[in-house]
Protein chains: 2
Amino acid sequence: MQSEEEISNFLKSIETRCFKTTKRSFFKGETITTYLEKRNQLCILLTGEADLIRYDFNGNKTIIGQFSNNSIFGEALYPANTNNELFVLAKTNCDVLFFSYDNLWIKCKQNCSFHKEFSEQINKLIISQVVELNTRIELLTKKNIRDKLLSYFDILSSKKLSKTISIPFTFTDLADYLSVDRSAMTRELSHLIEEGFIEKKGKKITLLYE
Amino acid sequence: MQSEEEISNFLKSIETRCFKTTKRSFFKGETITTYLEKRNQLCILLTGEADLIRYDFNGNKTIIGQFSNNSIFGEALYPANTNNELFVLAKTNCDVLFFSYDNLWIKCKQNCSFHKEFSEQINKLIISQVVELNTRIELLTKKNIRDKLLSYFDILSSKKLSKTISIPFTFTDLADYLSVDRSAMTRELSHLIEEGFIEKKGKKITLLYE
DNA sequence: AAAAATCTGTTGCGTATGCAACAAAAATAT
DNA sequence: ATATTTTTGTTGCATACGCAACAGATTTTT
């Protein structure tokens with residue numbers, strides 16, 4: 001498999017050929033898409049960061065997904081939605097590639113190599129998305145905040161091959177990602193420090209165990 | 001896209017051609033695979049049911065995934081694992097198709113139509129797996145048991161287009177799926193009944209609201 | 001450089017929920 | 001048909017965690 005970067009370059013170089021793709025830029029704060037009756041649309045985040053937000057009927061806001069470089073999203077990847085509304089919101093300025101889900105399957109008349117490669121790359125992205133989702137589920141199924149944090153640190157640590165890691169987003173967002181209350185999480189972080197499990201300096205965390 | 005059934009039939013009819021696939025049957029209780037250094041292997045459950053089980057370092061067992069007809073799984077779809085061991089355990093007798101992840105990408109010399117169709121079907125399965133995973137995350141990110149249950153019921157209800165639904169697994173398993181304590185969940189179910197939100201008769205639930 | 005917005009850490013309080021234990025019911029195995 | 005295992009419902013207890021509120025630090029905007 002190619003590197004992240006190669007895939008990234010391929011996606012950025014795409015121009016509409018045998019089927020239609022659209023690129024659009026969004027400013028921070030704009031709504032990129034809603035998950036409501038666009039079942040055919042797939043989106044890839046080329047640059048920037050975006051959140052998938054749920055407002056439930058009480059108006060409570062939850063971040064249920066966080067997207068960054070090469071994240072693939074869109075209603076086609078979501079359960080047909082019932083009660084609550086889902087939005088994808090640009091957290092920073094973003095460039096997004098849109099295309100129709102069907103183009104992944106429909107063979108183009110010319111059987112052009114571009115179309116083939118495109119499908120392949122998208123499928124690879126989807127697979128890495130599956131890994132991401134499984135990672136998150138792995139964390140969400142831990143029964144308490146401490147285990148969620150430690151598992152999360154472990155994952156980062158084994159990715160970077162280092163006991164010192166840097167949290168890639170704000171602690172507020174981390175709490176959302178782990179689906180716990182922010183203040184409760186901060187409390188637990190303090191306990192972990194007191195008990196000598198970790199050291200913390202801003203977003204730098206050092207694991208002291210093992 | 002074809003129906004579930006068509007995909008199912010296609011998969012069952014697979015015989016090794018331009019690359020190697022293996023079919024094997026497992027008895028209830030057998031270990032189908034472990035997530036440990038088989039990064040290349042993908043598995044599809046042709047018949048039966050299986051659970052993805054995590055044992056953490058305390059020996060605590062958690063069901064972190066549940067597989068049934070046409071579920072696709074395998075370490076390739078999982079974060080490189082660090083601390084705890086993952087097993088896929090046959091919950092009933094199972095038939096499983098194994099093949100190498102690489103075969104999804106490598107173009108076979110003959111460019112045979114079988115290989116093409118195979119890749120396509122697998123990619124569709126993976127996409128439906130993404131929908132499944134997103135469904136679960138949607139549920140896991142709800143902040144309390146009541147909301148988890150009601151959302152779960154809603155999803156089932158809108159799938160079946162009926163206010164009366166049938167839980168497709170035991171309540172013990174449902175608790176695992178929602179990652180809550182079983183007794184706490186039963187307690188919450190009782191409350192929902194008392195307060196007139198639902199009716200319950202065994203695994204049949206009727207939603208009384210809206 | 002000042003003003004505004006967001007992020008972070010802390011704490012008190014109440015409660016939702018995890019845990020353990022048990023008995024009855026249901027399902028499965030012998 | 002009987003025995004064994006699994007599932008289900010219930011309840012008491014303890015506590016982990018969500019919530020609200022606030023102040024200081026940090027970042028972003030103007």
Side-chain angles (χ1 to χ4, degrees), chain A residues 27-29 48-49 51 53 56 58-63 66 89-93 139-150 166-195 198-205, chain B residues 27-29 48-49 51 53 56 58-63 66 89-93 139-150 166-195 198-205:
Chain A
F27 290 114
K28 177 179 173 176
E49 287 173 35
D51 287 334
I53 309 251
D56 63 22
N58 307 319
N60 287 342
K61 172 185 162 181
T62 316
I63 300 178
Q66 310 193 3
L89 265 170
K91 212 163 74 170
T92 65
N93 293 351
L139 295 171
L140 289 174
T141 53
K142 302 274 169 168
K143 29 203 163 339
N144 56 44
I145 296 182
R146 170 165 299 207
D147 286 353
K148 284 182 182 179
L149 282 171
L150 291 179
S166 178
I167 308 294
F169 32 54
T170 67
F171 285 95
T172 306
D173 283 352
L174 178 56
D176 266 312
Y177 180 72
L178 299 177
S179 197
V180 298
D181 180 72
R182 185 195 59 81
S183 69
M185 190 186 82
T186 316
R187 187 195 289 141
E188 195 57 43
L189 276 170
S190 305
H191 292 163
L192 285 171
I193 294 166
E194 279 170 34
E195 297 175 37
I198 62 170
E199 253 169 20
K200 173 175 182 304
K201 209 163 195 178
K203 294 207 163 78
K204 283 246 174 307
I205 305 255
Chain B
F27 289 114
K28 177 178 174 178
E49 288 172 36
D51 287 334
I53 309 254
D56 63 22
N58 307 318
N60 287 342
K61 172 186 163 182
T62 317
I63 300 178
Q66 310 194 0
L89 264 170
K91 212 163 72 171
T92 64
N93 292 351
L139 295 171
L140 290 175
T141 53
K142 302 273 168 166
K143 34 209 156 335
N144 55 44
I145 296 182
R146 170 165 299 207
D147 285 353
K148 285 182 182 178
L149 282 172
L150 291 179
S166 179
I167 309 295
F169 32 54
T170 67
F171 285 94
T172 306
D173 284 351
L174 178 57
D176 266 312
Y177 180 71
L178 299 177
S179 197
V180 297
D181 180 72
R182 185 196 59 82
S183 71
M185 190 186 83
T186 316
R187 186 197 289 138
E188 195 57 43
L189 276 171
S190 305
H191 291 162
L192 285 170
I193 295 167
E194 278 170 34
E195 297 175 35
I198 61 169
E199 254 168 19
K200 173 175 182 303
K201 208 162 197 179
K203 294 205 164 77
K204 283 247 173 306
I205 305 255

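Each chain gets a letter, A, B and so on, in the order its sequence line appears, and its residues count up from 1.
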Sequence-distant partners of Thr186(A), side chain to side chain donor-acceptor pair (under 3.5 Å), two or more places apart: none
Whole angstrom value for the distance that separates P of dG9(C) from CD1 of Ile145(A): 14 Å
Counterpart residues, salt bridge (charged side-chain N to carboxylate O under 4.0 Å, His left out), relative to Glu195(B) (two or more places apart): Arg146(B)
Side chain to side chain donor-acceptor pair (under 3.5 Å) partners for Asp176(A), two or more places apart: none
Sugar-phosphate, base or nothing in reach of Arg182(B), heavy atoms under 4.0 Å: base
Nearest-angstrom distance from the residue atom NZ of Lys203(A) to C1' of dG9(C): 14 Å
Sugar-phosphate only, base, or nothing, as touched by Ser190(A) at under 4.0 Å among non-hydrogen atoms: sugar-phosphate
Covered region of DNA chain D, 5' end to 3' end, by chain B [heavy atoms, under 4.0 Å]: dT7(D) to dG12(D)
Spacing of Phe169(A) atom CZ relative to dC7(C) atom P, expressed in whole Å: 13 Å
Spacing between Asp181(A) atom CG and dC13(C) atom C1', to the nearest angstrom: 13 Å
Contact nearer the 5' end of DNA chain D, comparing Arg187(B) with Phe171(B): Phe171(B)
Separation of atom CD in Glu195(B) from atom P in dA16(C), rounded to whole Å: 11 Å
Spacing of Asp147(B) atom CG relative to dA16(C) atom P, expressed in whole Å: 12 Å
Sugar-phosphate, base or nothing in reach of Thr186(B), heavy atoms under 4.0 Å: base
Five-pair end axes of the helix from dA1(C)-dT30(D) to dT30(C)-dA1(D) and the angle they enclose, rounded to 10°: 70°
Contacts of Lys143(B) that satisfy side chain to side chain donor-acceptor pair (under 3.5 Å) - sequence neighbours left out: Asp147(B)
Sugar-phosphate, base or nothing in reach of Lys148(B), heavy atoms under 4.0 Å: nothing
Verdict with reasoning, Leu174(B) to Phe169(B), per side chain to side chain contact (heavy atoms under 4.5 Å, CB included): CA-CA 7 Å; Leu174(B) 178 57; Phe169(B) 32 54; 3.8 Å; yes
